[in-house]
Protein chains: 2
Amino acid sequence: MITEEKQISIIIVEDFKLTRVGLRCALNANPDLNVVAECENAVDGIKEIEKLQPDVVLMDLGLPVMNGIEAILKIREHSSDIKIIALTSHDREEEVVAALSSGANAYCLKDIDPNKLADVIRDVAQGVCWIDPVVANLALKSIPKSENISMLTHQAPEQARVPLTEREFEVLKHLVAGKSNTEIAKELIVSVHTAKAHVCSILQKMCVNDRVQAAVKAVKEGIV
Amino acid sequence: MITEEKQISIIIVEDFKLTRVGLRCALNANPDLNVVAECENAVDGIKEIEKLQPDVVLMDLGLPVMNGIEAILKIREHSSDIKIIALTSHDREEEVVAALSSGANAYCLKDIDPNKLADVIRDVAQGVCWIDPVVANLALKSIPKSENISMLTHQAPEQARVPLTEREFEVLKHLVAGKSNTEIAKELIVSVHTAKAHVCSILQKMCVNDRVQAAVKAVKEGIV
DNA sequence: GTTTCCATTAGACAATCGGGTAATGTTATA
DNA sequence: TATAACATTACCCGATTGTCTAATGGAAAC
């Protein structure tokens, strides 16, 4: 599952220069990791991230002016593909939950072993959610008990979901962005008829009645 | 942080014998891992776990009779130290959330690379929370937005968002549910004109162009 | 080589949507 | 009391949506 055919590009956002340099050195010692930029504040960080589209962002939470959580929210407004590792030196509960619910994929304490951090980066680049032992319980506790656990305790009927095609998936992303059929068509350089056909197909496959339901379902299930 | 001075004891709970044997072989190939018991059902599994007090439990979720989630709940009644890795072959959303909220520390799909699984076990034994890429988004999405995220993000001045009225909030909920203006009107026992007026107002206040964007924004910001 | 799946295009149609403007009654708050 | 904010209703109109049927070409699977 975890393949490492090409380098993982990384941007570090961290206010302490010493930590920044330390991270870069430690990570660049790994041939498959490539620190493409370092930023000392969130504003620069967001700019660089939009420009360079890295695979992974190491985001310090304790930044001045705009803090890490705000930065994560900002990043998530535009991109959901970039993986974000929240870095911090302490373990305040609210911060853990806030970071993860804001869109961070992982949560590390700064005293992590550099080699371990490299491993985590590789994992997270593949989409893994990784949470430091010190705060893992906090994060897990914040997951609400499913109100219908009993439903699961005796097998729920699997509802054979029909998979979307690649093209439909593209259309869905635009749909979730709130674009009209006309706009989607323009974006994909096809006729409006095509866009409509795809949307129609998406609605049927997702078992929903209209594009709003499709968008909401897509967001809730994280398929964006 | 991750030290491996002594062996990690493991109990496997899995109904398919072939998978069980496969897991044991793969794991025992690692000198630091030690499979101390295998069980083909949850009842035996719980007994063995209580008796042997392993470091880590590999718990299949798709067990017959008493399924994995029930088993996890049972285990957690007595012990919180034992680390539980939920194993499954599919990726049903409810199951992911249910497993984690029931007390699992990690969630793996069965198609994981055996060596990777060994790594995960080492991590989880240290308390790490590890969630497979395929379902990581689902898990993270289920973490509720901290209501006081604004406390951590000294924002607010920039946005100056107009607050929705109670009525508009009601309408928004129906909108997110994918209902049409007509349906919303029926639900709230008002005329379609009223529903439209509210929707129009919602769109303006939320600074979006159409109901899809409003719905997506509402879901993403957790105001549903 | 045939069949199946997918992407593409088209026309037509009823239903719905979103934006105007405007009016009325209620309820707070100043 | 007066002013503001909100909920409510109404009409019009252009744009958009979702569904239908139907056809074509390419690619993959059998």
Side-chain angles (χ1 to χ4, degrees), chain A residues 77 81 158-221 223-224, chain B residues 90-91 111 134 150 156-157 159-221 223-224:
Chain A
E77 283 179 14
D81 286 346
E158 177 73 38
Q159 48 173 336
R161 22 178 99 176
V162 188
L164 297 184
T165 68
E166 248 183 81
R167 198 57 164 169
E168 287 161 353
F169 190 76
E170 281 184 83
V171 172
L172 180 58
K173 282 201 287 190
H174 291 294
L175 191 157
V176 170
K179 299 201 174 123
S180 71
N181 290 336
T182 316
E183 289 171 317
I184 295 174
K186 207 163 290 172
E187 205 85 41
L188 302 183
I189 321 183
V190 294
S191 83
V192 190
H193 301 285
T194 309
K196 285 173 75 170
H198 286 311
V199 169
C200 204
S201 168
I202 289 170
L203 299 185
Q204 285 168 354
K205 286 188 179 177
M206 293 181 77
C207 301
V208 294
N209 298 318
D210 57 59
R211 53 174 52 219
V212 176
Q213 288 176 6
V216 168
K217 195 165 184 175
V219 172
K220 279 190 177 169
E221 298 190 358
I223 47 178
V224 280
Chain B
H90 41 279
D91 59 342
D111 65 354
V134 177
S150 49
Q159 288 274 5
R161 26 179 92 177
V162 189
L164 298 184
T165 67
E166 248 183 79
R167 198 57 163 168
E168 285 162 355
F169 191 75
E170 280 185 83
V171 173
L172 179 58
K173 281 200 290 189
H174 291 294
L175 191 156
V176 171
K179 300 202 173 122
S180 71
N181 290 336
T182 316
E183 289 171 316
I184 295 174
K186 207 165 291 173
E187 205 85 42
L188 302 183
I189 321 184
V190 293
S191 82
V192 190
H193 303 285
T194 309
K196 283 176 71 171
H198 286 311
V199 169
C200 207
S201 168
I202 290 170
L203 299 185
Q204 287 169 352
K205 286 187 179 176
M206 291 181 79
C207 301
V208 294
N209 298 317
D210 58 58
R211 53 176 52 220
V212 176
Q213 288 176 5
V216 169
K217 195 165 185 177
V219 172
K220 278 191 177 169
E221 298 188 358
I223 47 178
V224 279

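All values below were derived from every heavy atom in this structure, side-chain atoms included, with hydrogens, water molecules and symmetry-related copies excluded. Lettering of chains follows the sequences in order, A, B, ..., and the numbering in each one begins at 1.
For the helix from dG1(C)-dC30(D) to dA30(C)-dT1(D), the terminal axes (five pairs an end, C1' atoms, rotation from four pairs onto the next four) enclose an angle of 50°, given to 10 degrees.
A straight line from CG of L164(A) to P of dA7(C) spans 10 Å, rounded to a whole angstrom. For the pair L175(B) CG and dT16(C) P, the computed distance is 15 Å after rounding to whole Å. Distance E170(B) CD to dA7(D) P: 9 Å, rounded to the nearest Å. The distance from atom CG of D210(B) to atom P of dG19(C) is 9 Å, rounded to the nearest whole Å. E166(B) has its CD atom 14 Å from the C1' atom of dA5(D), to the nearest Å. For F169(A) and dC6(C), the CZ to C1' distance is 17 Å, given to the nearest whole Å. Rounded to an integer number of Å, the gap from CD of Q213(B) to C1' of dG18(C) is 13 Å. We find that CD of Q204(A) is positioned 14 Å from C1' of dT17(D), with the value rounded to whole Å.
Taking E187(A) as the reference, K179(A) meet the salt bridge (Lys or Arg N to Asp or Glu O under 4.0 Å) condition, with sequence neighbours excluded.
Which of dT9(D), dG18(D), dG18(C) sits closest to the side chain of L203(B) comes down to dG18(C). Closest to the side chain of V199(A), out of dG18(D), dA7(C), dA7(D), is dG18(D). Minimum atom distance to the side chain of S191(A) is reached by dA10(C), of the listed dG18(D), dA10(C), dA7(D). Distances were taken from every side-chain heavy atom of C200(B) (C-beta onward) to each of dT19(D), dT8(D), dG19(C); the shortest belongs to dG19(C). Listed candidates were dG19(C), dA12(C), dT8(C). Nearest to the side chain of K196(B) is dG19(C).
Dashed line: the shortest gap from a side-chain N or O of T194(A) to OP1 or OP2 of dT9(C) is under 4.0 Å. The shortest distance between the side-chain N/O atoms of H193(B) and the OP1/OP2 oxygens of dA23(C) is not below 4.0 Å. Between dC17(C) and R211(A), no contact under 4.0 Å exists linking OP1 or OP2 to a side-chain N or O.
For the atom pair CG of D210(B) and CG of L203(B), the computed distance is 7.0 Å after rounding to the nearest 0.5 Å. Here H198(B) contributes atom NE2 and L188(B) contributes atom CG; the two are 7.5 Å apart, rounded to the nearest 0.5 Å. Of the inter-residue distances, the one linking E170(A) atom CD with K173(A) atom NZ reads 7.0 Å to the nearest 0.5 angstrom.
Of all the heavy atoms in A195(B) and V190(B), the pair that sits closest is N-CG2, 4.4 Å. Of all heavy-atom pairs spanning E183(A) and G178(A), the tightest one is OE1-O, 4.3 Å. Between V216(B) and V176(A) the shortest heavy-atom distance is CG2-O, 3.4 Å.
Under the side-chain contact (heavy atoms from CB on, under 4.5 Å) test applied with R211(B), the options I202(B), N181(B), L172(B) reduce to a single match, N181(B).
Looking only at distances, no side-chain donor or acceptor of E168(A) sits under 3.5 Å from a matching main-chain atom of L164(A). Judged by distance alone, with hydrogens and angles left aside, the side-chain atoms of K217(A) form a donor-acceptor pair with the main-chain N or O of M206(A) at under 3.5 Å.
Residues A197(B) and N209(B) both approach DNA chain C. Their nearest nucleotides, taken by heavy-atom distance, put N209(B) toward the 5′ side.
Residues from residues 178-186 of chain A with heavy atoms under 4.0 angstrom of DNA chain D, sorted by number: S180(A), N181(A).
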